[in-house]
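We name chains A, B, ... by the order of the sequence lines, and we start the count at 1 in each one. Excluded from the calculations below are hydrogen atoms, water molecules and symmetry mates; all remaining heavy atoms, backbone and side chain alike, are included.
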2 protein chains.
Amino acid sequence: MLSTTEENYLKALLQLTLEQADKAEAGTNELAAQLGVKPATANDMLKKLREKQLINYEKYGKSSLTTEGRKQAIEVVRKHRLWETFLYEHLGFSWDEVHEVAEQLEHIQSSKLIDRLDQFLNYPSFDPHGDVIPSASGEMKIPAKKTLNEEEVGHHCKMVGVKDNSATFLQYVDKVGLRMNQPIKVLSRQPYDELIEIEVNGQKSSVSPRFAENIVIVCNDCELQKNNS
Amino acid sequence: MLSTTEENYLKALLQLTLEQADKAEAGTNELAAQLGVKPATANDMLKKLREKQLINYEKYGKSSLTTEGRKQAIEVVRKHRLWETFLYEHLGFSWDEVHEVAEQLEHIQSSKLIDRLDQFLNYPSFDPHGDVIPSASGEMKIPAKKTLNEEEVGHHCKMVGVKDNSATFLQYVDKVGLRMNQPIKVLSRQPYDELIEIEVNGQKSSVSPRFAENIVIVCNDCELQKNNS
DNA sequence: TATAAAAGTTAGATTAACCTAACAAAAATA
DNA sequence: TATTTTTGTTAGGTTAATCTAACTTTTATA
Ligand SMILES: [Mn+2]
Ligand SMILES: [Mn+2]
Ligand SMILES: [Mn+2]
Ligand SMILES: [Mn+2]
């Protein structure tokens, strides 16, 4: 059985390697920073996790999860997000309060507990932050990335990045009220001028296709793609 | 903030000192046995807890909780029993499955979490084993002990001890179906012969006053007495 | 390409929680 | 009371997870 610390390393490695979809590996310093420990500390743990066949790691090289390591990491993420959902939906915690407590709850060891919690919550697909909850079988669906311009009317999505990094554009994004990871609903698309009407945090605004094609989003309503290499 | 281990020592000391209501102290070996560690290990921890002013302890002496130590211990018991109640009532865990998981959950650090859980459960007074749940303010009510013969009709209680330790009596207790800590309901008292009709685990039986006065019980329905020295 | 910077590793130390083995004090009992 | 048993303590050691300081390798850049 894994220690809380080992679980945290695997989860951190999963998160870092999911961020950059292309290369599924992370450096020692990067991992140490993510976990708030010194590189020397992370280095020790990397050797230990390699011994346990949970990661691929070679001296001076980048690290990546093995199939078993990935499975374990996904299980931790599943627990984290189910607990966040419980705290948010049943105990009246707010969006920003759930994470800290879920960091503790995700390490409770009881498969019966997590299965029953899943059932109690009615098998939710997303946590309060809109992140996908992995299934009991360890499948973690990753919603497709696209631009806001390509999003369908009526769908719910969230901004996960921008294509234009100019100050002008970023200031405009701010002004429109868009924030990273905040839920967005696409209300309509005007046939006359192609303006897209969106709702963010209760506020409605209209944006141009030019603007929208520089906003990268993930859609919660579109077909989900499994990601379980 | 206390470590999980420190919390476990305080809780164990509370439990040991509640058992023998007269002398509120426990020996090093006794405590070590309760926690499943060696006396040498417990000895180290006793010194540490004394430094933190959580227990009273002197070399070769018995240990007892300070006011602060007792407060902390009661908080852990409160968390344990609220979680047990949650698992039992909302996640369909059985009587005997809840304890193991609650041993982990009782160490989650979040006062908001436990307050909200209490509210969610509608401020329960007893856990699934019939044990009293301490209040948010740290009051731990201890139900009055009395004999089954003194118990009122209609009340719910549980056996916590016997006054007669003869084999004959104990075998009779077994035969009637009484088990330690198992819920008992007093159904009636016949005016004619004073026989007491009780229900245990769905089974009804009648016992004599002679028998009943040798069964020590605690009543869940009687006035509770605070125990917060 | 030579040098500087960044990234990664190693050695040695610390802390918490545990252990065993040897010893000391207190309590029980002969 | 003397002896034995029980109880409690100490010394010294282990493991997991952390650190700092010094070192090495790799990568970037002048
Ligand atoms: Mn989170
Ligand atoms: Mn989340
Ligand atoms: Mn319990
Ligand atoms: Mn209980």
Tyr9(A) side chain, from C-beta outward: closest of dT9(C), dT18(D), dG8(D) |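 Between dT9(C), dT18(D), dG8(D), the one nearest the side chain of Tyr9(A) would be dT18(D).
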
Whole angstrom is fine here: how far is it from [atom1] in [X] over to [atom2] in [N]?
X: Lys62(A); N: dT27(D); atom1: NZ; atom2: P; value: 8 Å
X: His107(B); N: dA17(C); atom1: NE2; atom2: P; value: 12 Å
X: Asn8(B); N: dC18(C); atom1: CG; atom2: P; value: 9 Å
X: Asn43(B); N: dG8(D); atom1: CG; atom2: P; value: 10 Å
X: Leu2(B); N: dA17(C); atom1: CG; atom2: P; value: 10 Å
X: Asp44(A); N: dT14(C); atom1: CG; atom2: C1'; value: 14 Å
X: Leu49(A); N: dA16(D); atom1: CG; atom2: P; value: 12 Å

Starting at the 5' end of DNA chain D and moving along, which residue's nearest nucleotide shows up first, Glu6(A) or Tyr60(A)?
->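 Nearest-nucleotide comparison on DNA chain D picks Glu6(A).
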
Kindly check if the number of other-residue, nucleotide or ligand heavy atoms within 6.0 Å of NZ (Lys71(A)) is above 12?
->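 Not buried by this count: 12 neighbours or fewer within 6.0 Å.
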
Examine Phe86(B) together with Phe93(B) and report whether their ring centres are nearer than 6.0 Å.
->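 Ring centroids of Phe86(B) and Phe93(B) are no less than 6.0 Å from each other.
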
[X]-[Y] side chain donor-acceptor pair, cut-off 3.5 Å:
X: Glu30(A); Y: Gln34(A); value: no
X: Ser94(B); Y: Glu97(B); value: yes
X: Asp127(A); Y: Thr85(A); value: no

Check this one for me: any side-chain N or O of [X] less than 4.0 Å away from OP1 or OP2 of [N]?
X: Lys47(B); N: dT9(D); answer: no
X: Ser3(A); N: dA16(D); answer: no
X: Lys59(B); N: dA26(C); answer: no

Test salt bridge (Lys or Arg N to Asp or Glu O under 4.0 Å) on Lys158(B) and Asp131(B) and set out the steps.
-> CA-CA 10 Å; Lys158(B) 64 173 183 181; Asp131(B) 293 316; 2.9 Å; yes

Is the charged tip of Lys47(B) near the ring of Tyr57(B): under 6.0 Å from the six-membered ring centre and within 45° of its axis?
->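 Verdict for Tyr57(B): no cation-pi partner in Lys47(B).
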
For DNA chain C, the residues among residues 25-42 of chain A that have a non-hydrogen atom under 4.0 Å from it =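 Within this stretch, Gly27(A), Thr28(A), Asn29(A), Pro39(A), Ala40(A) sit under 4.0 Å of the strand.
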
